[in-house]
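Below is the structure I would like to discuss, written out as structure tokens.
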Amino acid sequence: MLSFFKKKKDDTAIEDDGIRIISRSDPLACGGTDSSIDTRAPKTITSDEMTLFNVDSALGYDVHGTSDESDPLMRVSAFAVKTETGTFLWLHTEGFEWKPEANRDVSGFVKADVMPGLVSIVKEYDLAAKNGYHSRTHGLPENFGGEVRIEYASGERIGFSDNQAPIIKRPFAHKVIEVFENALAGEKVDVPDVKDVVSLTFTETRKDGGFSSAKLTLLPDGTGISEKKQKFDDPTVYESKKEISAETVKTILDGVKNSYMLIWRYFPKMAFKSASDKSVTFVMKDGSEITSPSERDLPNRFSSAMFTIDLELITKN
């Protein structure tokens with residue numbers, strides 16, 4: 001056993017950071033399972049002020065027969081983050097093949113505070129009891145389980161995952177869906193309109209001192225002009241100017257709109273920093289500027305918009 005493990009009487013290994021290793025597989029073995037539990041993770045949450053709710057899980061087939069036409073739900077992903085101006089919500093559900101009406105993908109920036117309702121549901125189903133447990137079975141063709149990540153203003157957190165089996169109950173999923181749907185049907189917070197963008201500037205600053213930037217100026221006919229600058233591992237700054245097709249401009253602007261990039265500044269920062277800092281600064285028709293940093297806590301499907309802009313303006317053009 002490695003020296004940084006402490007041994008208990010039952011020969012269970014606990015690392016210095018409180019992680020107890022339950023099982024560890026050969027990295028090259030397909031089907032092996034790595035599982036652990038954080039012995040320091042609290043099993044009771046004292047705070048009632050939730051700031052982030054992120055639950056994704058398959059619900060699986062019910063061998064007892066309740067997963068029939070009356071309950072076609074197979075998977076739910078629900079993300080809520082409380083900001084200074086409102087609550088951002090994203091809800092994605094998947095149903096059985098014969099019940100496509102169970103499939104939905106909806107999102108919005110709402111005035112309603114859904115967090116008290118979610119706090120109540122989390123307590124009712126005692127999600128904190130699983131806090132700190134993580135299991136990953138290698139080689140599975142899809143995620144048959146899911147992940148829970150919930151954060152509170154006090155700094156308390158609930159986090160657990162398992163990609164082999166559902167990690168939440170169906171009644172829990174339905175109650176969460178009800179909270180989200182009610183809020184999304186209510187009053188929305190006004191967000192900037194992508195149609196008011198006149199230019200945007202993508203910037204990446206790397207730790208090695210290099211950088212990339214591209215200013216895209218939008219033209220009345222739907223096309224654009226990109227002015228790019230790049231510096232690598234030498235003092236030279238390379239510059240270029242290129243026309244951007246209307247199709248590419250549309251791809252970029254659609255990504256900005258669909259990812260809510262114009263309100264990213266309201267989202268909390270990610271806990272871990274990447275190797276480079278990326279941001280996009282938008283200039284609006286009224287002359288105002290909006291800067292959207294990349295390191296924000298977002299559902300993966302929204303954060304990919306930064307990659308799209310990087311790809312289109314730096315890599316491809």
Side-chain angles (χ1 to χ4, degrees), residues 12-15 17-27 29-45 47 50-62 73-81 89-94 105 115 118-119 121-152 154-177 180 267-274 295-304:
T12 300
I14 299 182
E15 299 185 20
D17 58 4
I19 304 298
R20 177 164 63 88
I21 305 299
I22 299 173
S23 65
R24 176 174 286 166
S25 63
D26 184 328
C30 183
T33 297
D34 295 329
S35 60
S36 64
I37 187 165
D38 185 347
T39 60
R40 302 170 306 169
K43 299 300 184 286
T44 301
I45 301 298
S47 175
M50 186 183 292
T51 57
L52 184 141
F53 178 90
N54 192 0
V55 172
D56 169 63
S57 181
L59 299 176
Y61 294 92
D62 191 337
L73 200 62
M74 287 294 294
R75 188 173 198 95
V76 63
S77 300
F79 178 95
V81 63
L89 303 175
W90 170 61
L91 176 65
H92 176 87
T93 64
E94 298 174 12
D105 196 291
M115 295 309 186
L118 296 176
V119 167
I121 298 171
V122 168
K123 285 184 176 180
E124 179 184 354
Y125 288 89
D126 195 17
L127 260 62
K130 302 178 183 179
N131 201 10
Y133 176 76
H134 296 280
S135 177
R136 179 171 180 78
T137 300
H138 303 281
L140 294 181
E142 63 179 277
N143 189 345
F144 296 103
E147 179 178 5
V148 166
R149 185 165 60 90
I150 301 171
E151 299 180 1
Y152 296 81
S154 62
E156 295 171 288
R157 297 181 178 184
I158 298 175
F160 56 92
S161 64
D162 186 339
N163 71 332
Q164 191 173 27
I167 58 172
I168 60 172
K169 298 181 181 297
R170 285 179 175 274
F172 174 89
H174 283 292
K175 288 190 176 183
V176 168
I177 290 171
F180 273 62
F267 287 69
K269 292 182 179 179
M270 292 178 63
F272 303 100
K273 290 186 68 65
S274 61
E295 294 185 338
R296 288 295 184 265
D297 211 332
L298 301 160
N300 289 335
R301 61 164 299 168
F302 296 134
S303 60
S304 62

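What you see is a predicted model; the values in this text were computed from it and never measured.
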When rounded to the nearest 0.5 angstrom, what distance separates CD1 in I158 from CE in M50? 6.5 Å
Are there more than 12 heavy atoms of other residues, nucleotides or ligands under 6.0 Å from atom NZ of K43? yes
With sequence neighbours excluded, residues passing salt bridge (charged side-chain N to carboxylate O under 4.0 Å, His left out) with K175: E124
Heavy atoms only: give me the nearest A80-L89 pair and the separation to one decimal. CB-CD2, 3.4 Å
D162/K130 salt bridge by N-O under 4.0 Å criterion: no
Test log, rule side-chain contact (heavy atoms from CB on, under 4.5 Å), inputs Y133 and I22: CA-CA 10 Å; Y133 176 76; I22 299 173; 3.7 Å; yes
Locate the shortest heavy-atom distance separating M115 from T51; write the atom from each residue and the value. CE-O, 3.5 Å
For the residue pair T137 and F144, establish whether any side-chain heavy-atom pair is separated by less than 4.5 Å. no
Do D297 and V81 touch side chain to side chain, with heavy atoms closer than 4.5 Å? no
Is there a side-chain contact (heavy atoms from CB on, under 4.5 Å) between H138 and D34 once you walk through the steps? CA-CA 8 Å; H138 303 281; D34 295 329; 2.8 Å; yes
Provide the closest heavy-atom pair for W90 versus F180 in the form atom of the first, atom of the second, distance. O-CE2, 3.6 Å
Measure up the F79 and F267 rings against each other and bin them: parallel (under 30°), tilted (30 to 60°), perpendicular (over 60°). parallel
OG1 on T44 to CD on E156, rounded to 0.5 Å: 9.5 Å
Is there side-chain contact between I150 and L118, with heavy atoms separated by less than 4.5 Å? no
4.5 Å side-chain heavy-atom contact, L59 and M74: no
4.5 Å side-chain heavy-atom contact, K269 and R296: yes
Output the distance between atom CG (N131) and atom CD1 (I37), rounded to the nearest 0.5 Å. 8.5 Å
Measure across S57 and I167 and return the closest heavy-atom pair with its distance rounded to 0.1 Å. OG-N, 3.2 Å
Do T33 and S25 have a side chain donor and acceptor closer than 3.5 Å? no
Picking from R149, E147, H134, what satisfies side chain to side chain donor-acceptor pair (under 3.5 Å) with S161? H134
Do I177 and L73 come within less than 4.5 Å of each other through their side chains, counting heavy atoms only? yes
If I compare all heavy atoms of N300 with all of S303, which pair ends up nearest, and what's the gap? O-OG, 3.1 Å
So Y152 and V122, do their side chains get closer than 4.5 Å, heavy atoms only? yes
Give a yes or no on whether the backbone of I19 and the side-chain of S36 come within a donor-acceptor separation of less than 3.5 Å. no
Test log, rule side-chain contact (heavy atoms from CB on, under 4.5 Å), inputs F160 and L127: CA-CA 9 Å; F160 56 92; L127 260 62; 4.0 Å; yes
Is there a side-chain contact between R75 and D56 in this structure, where contact means two heavy atoms from C-beta onward sitting under 4.5 Å apart? yes
